[in-house]
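These notes concern the structure reproduced below.
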There are 2 protein chains.
Amino acid sequence: MTERVVPEPERKRRRPTKQGVVLSAELIVDTALRLVGLHGAEALTVRRLGAALGADPSAVYRYFHSTDDLLIAIADELIGRAQHGWRPTGDWRADLRAIGLRIHAAYQAHPQAALLAAHRTTGRANEITAVENILGILRNAGFPDPEAVRIYHAFVDQSLGFAVLDAAALALPAAALSADYQVWQASYARLDATTHPHIAATAHLLTADMNRSAYPHALDLLLAAAEARLGRPDD
Amino acid sequence: MTERVVPEPERKRRRPTKQGVVLSAELIVDTALRLVGLHGAEALTVRRLGAALGADPSAVYRYFHSTDDLLIAIADELIGRAQHGWRPTGDWRADLRAIGLRIHAAYQAHPQAALLAAHRTTGRANEITAVENILGILRNAGFPDPEAVRIYHAFVDQSLGFAVLDAAALALPAAALSADYQVWQASYARLDATTHPHIAATAHLLTADMNRSAYPHALDLLLAAAEARLGRPDD
DNA sequence: CTCCCTACGTCAATGCCGTTGACATACCCT
DNA sequence: AGGGTATGTCAACGGCATTGACGTAGGGAG
């Protein structure tokens with residue numbers, strides 16, 4: 001007992017740190033996002049977070065049980081930002097497309113955080129709201145419940161999966177990024193047409209396409225296939 | 001000069017460690033995969049790897065520039081394993097489905113490694129072979145080059161994205177996993193039907209679906225949509 | 001067969017990291 | 001006004017990746 005972490009809603013005392021900062025779970029999450037955006041994913045350490053907050057590093061443990069716990073909170077915050085201000089239009093396909101792009105964009109805005117947190121199920125408030133919204137769109141569109149659940153699952157995991165992958169590219173330090181490009185030039189762009197005819201034939205298209213996220217296209221394919229099923233409720 | 005790492009193909013001297021083990025890049029990658037499979041992703045440290053190999057930890061740096069470099073090698077090894085023994089059947093849709101499932105399965109077999117490495121572009125031999133195969137299937141199926149490249153990109157990134165996400169679930173320690181399930185029970189399964197009608201109506205379906213990967217379904221949707229486009233080369 | 005060069009395994013040190021137990025203070029409630 | 005305790009702080013622990021220096025033994029040259 002005398003648990004180290006007191007849940008945020010029932011916090012009463014707020015005692016400023018030596019440097020005069022009044023801490024809160026929200027401030028810590030925001031500071032963590034800022035830190036990670038400025039200095040990369042590897043900057044997210046308890047010690048540096050403490051320094052950025054103006055507090056002793058161990059103060060963080062009064063708000064989160066562990067760094068993992070903090071990560072979950074960050075993930076939920078991003079999900080919340082993705083939904084901020086969203087309103088359904090009534091067109092299920094457009095609505096799902098918008099939600100998917102919003103989730104993706106929210107994570108792309110904090111690639112390092114996405115890399116750390118997008119693959120976690122948070123079970124927190126913002127995540128639950130998102131689930132409710134997506135399921136509602138599908139059921140109102142006329143998908144029978146089992147189909148709605150299956151499409152929901154594919155849709156959500158697709159957006160999160162792409163978020164992680166695309167974040168990984170953005171999160172790489174500039175040095176590694178240019179190194180990656182040189183690897184590409186060295187290995188792919190000059191492959192022998194006799195051993196790798198298909199890469200050789202499409203090399204120019206590949207280099208152009210590589211620089212964009214494939215998510216919008218993949219999302220459109222998923223939605224098109226889902227719509228095609230609305231008519232045929234078989235199989 | 002006197003570079004710390006000598007590339008594997010031109011290695012001549014093989015000097016056993018104190019414990020009598022003869023090292024090689026391959027042995028290190030295999031040992032890393034075994035380590036990570038046995039004791040989780042957090043067990044992949046240079047020190048523990050050294051111990052598992054029967055060598056001083058710093059010997060690893062004679063074969064890889066950094067842990068990141070090692071990770072890339074592990075990723076490429078998994079891609080290679082996914083393709084091992086694969087042969088095209090001539091049915092493009094079945095072939096792509098098989099490759100997708102193989103990639104996914106290869107990473108699921110080593111979830112901790114997948115989590116660390118699936119979002120990296122390796123540029124190494126096995127990755128290049130996979131790219132060539134997939135592009136070949138699409139171009140032979142009759143997709144025009146720009147379309148083939150776009151579908152290739154969506155297909156590959158979707159497979160890797162799902163691999164990361166599904167690996168994350170498998171990689172969680174047993175304790176965290178059951179904790180997750182309890183969170184689910186506590187928050188989702190008993191949500192008020194008036195505030196969250198859609199979750200409440202489908203809760204039983206959600207819990208059943210949650211335990212499977214959505215990848216096969218998402219893959220089928222992608223392939224169905226791609227096939228639908230083969231006829232209409234417009235837009 | 002011998003000698004030399006240097007590749008590569010080893011050692012030790014550096015500066016990080018997360019986490020925790022003990023402590024003290026100042027906040028809030030009564 | 002006073003007490004209980006929440007919360008910020010301090011110090012310490014063990015583990016981490018990485019690197020420079022060292023020496024020994026493998027292999028090529030003659």
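Lettering of chains follows the sequences in order, A, B, ..., and the numbering in each one begins at 1.
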*Starting at the 5' end of DNA chain D and moving along, which residue's nearest nucleotide shows up first, A/Val60 or A/Arg47?*
A/Val60
*CZ of B/Arg14 versus C1' of C/dT6: gap in Å, rounded?*
16 Å
*For the student: nearest non-hydrogen atoms of B/Glu42 and B/Arg48, plus distance*: O-NH2, 4.2 Å
*Can you tell me the distance, in whole Å, between the OH atom of A/Tyr61 and the P atom of D/dA11?*
18 Å
*Just compare C/dC27, D/dT19, C/dC8 and give me whichever is closest to any side-chain atom of B/Arg15.*
C/dC8
*Under 3.5 Å donor-acceptor, A/Glu127 side chain and A/Thr122 backbone*: yes
*Would you classify B/Ala59 as touching base, sugar-phosphate or nothing, given that sugar-phosphate means primed atoms plus P, OP1 and OP2, and contacts are heavy atoms under 4.0 Å?*
base
_Expressed as a whole number of angstroms, how long is the span from B/Asp56:CG to C/dA12:C1'?_
10 Å
*Any side-chain N or O of A/Lys18 under 4.0 Å from OP1/OP2 of C/dT25?*
no
*asked:* The side chain of B/Arg11 is closest to which nucleotide in this list: C/dC8, C/dG18, D/dA6?
replied: C/dC8
_Length of the line joining B/Glu10:CD and D/dG27:P, which is rounded to integer Å_ = 16 Å
*When you measure from every atom of DNA chain D, which of residues 24-37 of chain A have a heavy atom less than 4.0 Å away?*
none
*Does B/Tyr63 make a side-chain N or O approach to OP1 or OP2 of C/dC8 shorter than 4.0 Å?*
no
_Categorize B/Phe64 for me: base, sugar-phosphate, or nothing, with a 4.0 angstrom heavy-atom threshold over every strand shown._
nothing
*Taking 4.0 angstrom as the limit, do B/Arg11 and B/Glu26 come out as a salt bridge?*
no
*Is the closest side-chain donor-acceptor distance between B/Asp157 and B/His153 under 3.5 Å?*
yes
*asked:* Could you tell me how far apart B/Leu44 (CG) and D/dA17 (P) are, to the nearest whole angstrom?
replied: 8 Å
*Using whole Å, report how far NE2 of A/His65 lies from C1' of D/dT7.*
15 Å
*Options D/dG20, C/dC17, C/dG18, nucleotide nearest the side-chain atoms of A/Arg48*: C/dC17
*Base, sugar-phosphate alone, or nothing: which one does A/Thr45 contact when heavy atoms must sit under 4.0 Å apart?*
sugar-phosphate
*Whole-Å gap separating P (D/dT7) and CD (A/Gln19)*: 19 Å
*Counting distance only, does the side-chain N/O of A/Asn211 pair as donor-acceptor with the main-chain N or O of A/Thr207 below 3.5 Å?*
yes
*Tell me yes or no: between the side chains of A/Asp68 and A/Ser66, is some donor less than 3.5 Å from an acceptor?*
no
*Think B/Thr67 has a side-chain N or O under 4.0 angstrom from the OP1 or OP2 of D/dT18?*
yes
*Can you find an N or O donor on one side and an acceptor on the other, under 3.5 Å apart, linking the side chain of B/Arg62 with the base of C/dA7?*
no
_Under 3.5 Å donor-acceptor, A/Arg4 side chain and A/His65 backbone_ = no
*For B/Leu49 and C/dG9, give me the distance from atom CG to atom P, rounded to whole Å.*
13 Å
*Identify whether any heavy atom of B/Thr17 sits under 4.0 Å from a base atom; if not, whether one sits that close to sugar-phosphate; answer base, sugar-phosphate or nothing.*
sugar-phosphate
*Answer with yes or no whether the side chains of B/Ser58 and B/Asp56 bring together a donor and an acceptor at under 3.5 Å.*
yes
